[in-house]
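These notes concern the structure reproduced below.
Nothing here was measured: the structure is a model prediction, and the numbers come from that model. We name chains A, B, ... by the order of the sequence lines, and we start the count at 1 in each one.
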Protein chains: 2
Amino acid sequence: MAQRRVTLADVAERAGLSTTAASRVLNGREGTRLSEDARQRVLAAAKELGYRPNPAARSLRLNKTATIALISDTVVTTRFAGAMIRGALNAARERDHVVLITETQGDPDIERDAIDAMLHRQVDGVIYAAMSSRRITVPPQLLTLPTVLLNATSNRRLPAVLPAEEEAAYAVTSAVLDRGHRNVAVLGRNEAYERDAHLSLAAKLRMQGIRKALADHGHRLAASEYTEDWDVPGGFDGMTALLRRPNRPTAVICMNDRLAVGAYNAASEAGLSIPADLSVVSFDDDPIAEALRPGLTTAALPHEAMGQLAAELVLDANPEPGIRWVPMPLRERSSVAPPAG
Amino acid sequence: MAQRRVTLADVAERAGLSTTAASRVLNGREGTRLSEDARQRVLAAAKELGYRPNPAARSLRLNKTATIALISDTVVTTRFAGAMIRGALNAARERDHVVLITETQGDPDIERDAIDAMLHRQVDGVIYAAMSSRRITVPPQLLTLPTVLLNATSNRRLPAVLPAEEEAAYAVTSAVLDRGHRNVAVLGRNEAYERDAHLSLAAKLRMQGIRKALADHGHRLAASEYTEDWDVPGGFDGMTALLRRPNRPTAVICMNDRLAVGAYNAASEAGLSIPADLSVVSFDDDPIAEALRPGLTTAALPHEAMGQLAAELVLDANPEPGIRWVPMPLRERSSVAPPAG
DNA sequence: CTGTTAGCGCTTTCAA
DNA sequence: TTGAAAGCGCTAACAG
């Protein structure tokens, strides 16, 4: 077992040629023409022997590794992350590359080490990903090799892949407006997020899309409720407050699905039924959205497509800098109905 | 920019020594003793220059790459997967290794290619992971290098890391028995799973733990309900059936959290309140368990610890074959109360 | 205590 | 149309 690896020399010998010739054939070098006969012999020999070039030797020679790095703050750990990784993996495999994954956990020391390690390993490019979409500062070392931002933007002229939040917000809002709702509230307002792109890109873009849809339909926001965090308790408290207001909304746009879960709970506790008494729409398509009863209509974060695109961009010759907005499909389930009465 | 990498030769020159000497110092070779002075000079030079060995050159020479591969069917994509990856990443980083991730998507062709690619890259070891814990057939090529099974067992004598399902089932069951419940049902029985380890390890082990706890407490299972899949609709239908039985249970053990979500829905629809009218316990600690109201008491799949242990085992000199059972912590929330009356 | 030399497997200049 | 030889950066026999 563990038989000796077959090397280029083996292939050459079997083909009755030099390693030079074998190398040229196998790499499809155009400059120098070998006889068709020689070509075939090399190809045959390589096939019979099951030859595969030694990547270490290759990269020592070429300074290339057929490897890309996926560096993220803590992406890997999110429920959404899997899809991003899968997308990147698929794109990489299609181009015969493999993917090295690192997590920096937001720690600058770990990050520096991680990036250094990747650079020393001579990865051919890096995908620098953020868990939640936001504006980041790109470590300068990354500027020396092909880098693509995933779920993030920066001050640098780099390609970046982001979910088309504004467009999605427009669609989500329209879904509710088109059913005849006029008294529409937003749950999860947070000025800090909306103002600071370093905290969140989604908050601002989603609000813009919502406002634009309302304006285009000739309406305005009936109410909006602050929430410190976009989580279940926040949603519960916020929705409870919203329901206590005079003239309570007939539809609520939640800034994400976890808020929506809280909103569901609050509605249920208030004896309101969804969607009969209250329509709910949201963002993310968290796995939870499907498990809710009734199923939650929400705009899905297109993580797999994003991961895929990011990997493709990294492996592109030289991609244009700038943002790629990846569409967020609207998953229509059962949480929207026309307003009562 | 992109200034020339600093090589061992640079360090040696600066230290006024040969590369051999520098190499020996840097690798802490014991056999040959260098003068303390020389040692210090090399160390200093390396530091000043910011020297890091070229991994490609190193692995060409040593057939080692300081890399481990994480090969999984579709682990990467699961909600749980992130934690496994994170655990493995941390353990690897601590030992100055990096990790290559691949997903086979259950496709044998992709799997063969992926494994081949990893072997050719001379990874130092592989973690072979399954999404849901089950018995698998290990591709023979993997037997030529250190391999650890993660969330899986096999017919081979390999180290394997699994959640301590039986122990957890015992704890989960006891949690309900200790509160005084006597009329306890199981939701999610599935003979096919329980019998066939290639489909699921959890089904059988969980049932064993449940039975043992009941026996030890001098009770027996009041009812058990079949479910084709362990998902939300299955849980809903199963629980609905359970509630229609004469002498309905006061507590239900769900085989996983998604079933429990369905059970919650069914209980709510039947006008039953949890935990006053019905106690619910479960397995997995899916993120959803925390979002439910009331919070679901459940035994957590210890994915991060498992990933970490797997990586440690791979990097161990030669780990004993056999199963490592990783404890599943019981997350006690609010879904359990003494039976009514 | 330290250095010379060979060689890991590959690609590429240069020469034939 | 083909091959010899050098060299990527490193480590390890073998000498001294």
Side-chain angles (χ1 to χ4, degrees), chain A residues 2-43 45-46 49-67 96 117 119-122 124, chain B residues 2-43 45-46 49-67 96 117 119-122 124:
Chain A
Q3 58 238 0
R4 208 172 60 72
R5 295 175 56 106
V6 0
T7 76
L8 185 61
D10 299 328
V11 174
E13 187 186 5
R14 176 155 192 140
L17 288 168
S18 70
T19 59
T20 310
S23 171
R24 285 207 272 250
V25 170
L26 263 12
N27 290 297
R29 277 279 151 278
E30 316 239 321
T32 50
R33 290 162 323 187
L34 291 210
S35 67
E36 183 55 23
D37 178 53
R39 231 179 67 80
Q40 293 305 340
R41 290 204 319 270
V42 169
L43 260 18
L49 263 26
Y51 170 71
R52 294 188 58 162
N54 178 329
R58 217 145 196 272
S59 60
L60 181 56
R61 190 65 234 254
L62 299 178
N63 294 322
K64 286 190 182 159
T65 52
T67 302
D96 289 314
L119 294 187
H120 268 90
R121 277 172 187 267
Q122 323 207 55
D124 297 341
Chain B
Q3 59 237 4
R4 209 172 61 73
R5 295 176 57 107
V6 0
T7 76
L8 185 60
D10 299 329
V11 174
E13 187 186 5
R14 178 157 192 138
L17 288 168
S18 69
T19 58
T20 311
S23 170
R24 286 207 273 251
V25 170
L26 262 13
N27 292 296
R29 277 279 151 281
E30 315 241 319
T32 50
R33 291 163 321 190
L34 292 212
S35 68
E36 183 55 24
D37 179 52
R39 232 179 66 80
Q40 293 305 341
R41 287 200 326 265
V42 171
L43 259 19
L49 263 27
Y51 170 72
R52 296 189 55 164
N54 178 329
R58 218 144 196 272
S59 57
L60 182 56
R61 190 66 237 253
L62 300 178
N63 294 321
K64 287 191 184 159
T65 51
T67 302
D96 290 314
L119 295 186
H120 268 90
R121 276 169 189 269
Q122 323 209 55
D124 297 341

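- Between Asp10(A) atom CG and dG9(C) atom C1' there is a gap of 11 Å when expressed in whole angstrom units.
- Contacts of Ala56(A) with the nucleic acid, taken as non-hydrogen atoms under 4.0 Å apart, are absent.
- As rounded to whole Å, 17 Å separates atom P of dC10(D) from atom CG of Asn63(B).
- A close approach under 4.0 Å does occur between a side-chain nitrogen or oxygen of Ser35(B) and OP1 or OP2 of dT2(C).
- Nearest heavy atom pair, residue Leu26(A) against residue Leu43(A), reads CD1-CD1, 3.7 Å.
- Look at CD on Glu13(A): it is 15 Å from C1' on dG9(C), rounded to the nearest Å.
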Any N/O pairs under 3.5 Å between the protein and nucleotides 3-7 of chain C? List them or say none.
from, atom 1, to, atom 2, distance (Å)
dG3(C), OP2, Ser18(B), N, 3.0
dG3(C), OP2, Ser18(B), OG, 3.3
dG3(C), N7, Arg24(B), NH2, 3.3
dG3(C), O6, Arg24(B), NH1, 3.2
dG3(C), O6, Arg24(B), NH2, 3.0
dT4(C), O4, Thr20(B), OG1, 2.8
dG7(C), N2, Arg61(B), NE, 3.3
dG7(C), N2, Arg61(B), NH1, 3.0

| task | Apply the test side chain to side chain contact (heavy atoms under 4.5 Å, CB included) to residues His120(A) and Arg5(B): give CA-CA distance (whole Å), side-chain angles for both, the deciding distance (0.1 Å), then the verdict. | result | CA-CA 9 Å; His120(A) 268 90; Arg5(B) 295 176 57 107; 3.3 Å; yes
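- In this view, Thr19(A) satisfies the side chain to side chain donor-acceptor pair (under 3.5 Å) rule with no residue, not counting sequence neighbours.
- Residues Arg41(B) and Gly16(B) come closest through the heavy atom pair NH2-O, 4.0 Å.
- As rounded to whole Å, 13 Å separates atom P of dC8(D) from atom CD of Gln122(A).
- The neighbour count for Glu13(A) CD, taken as heavy atoms of other residues, nucleotides or ligands under 6.0 Å away, does not exceed 12.
- Distance CG (Leu8(A)) to C1' (dG3(D)): 13 Å, rounded to an integer number of Å.
- The salt bridge (charged side-chain N to carboxylate O under 4.0 Å, His left out) search around Arg14(B) returns Glu48(B), not counting sequence neighbours.
- Distance Leu60(A) CG to dT12(C) P: 13 Å, rounded to the nearest Å.
- Nucleotide dT13(C) holds its P atom 11 Å from the CG atom of Leu62(A), rounded to whole Å.
- In this structure, the NZ atom of Lys64(A) is 23 Å from the P atom of dG9(C), given to the nearest Å.
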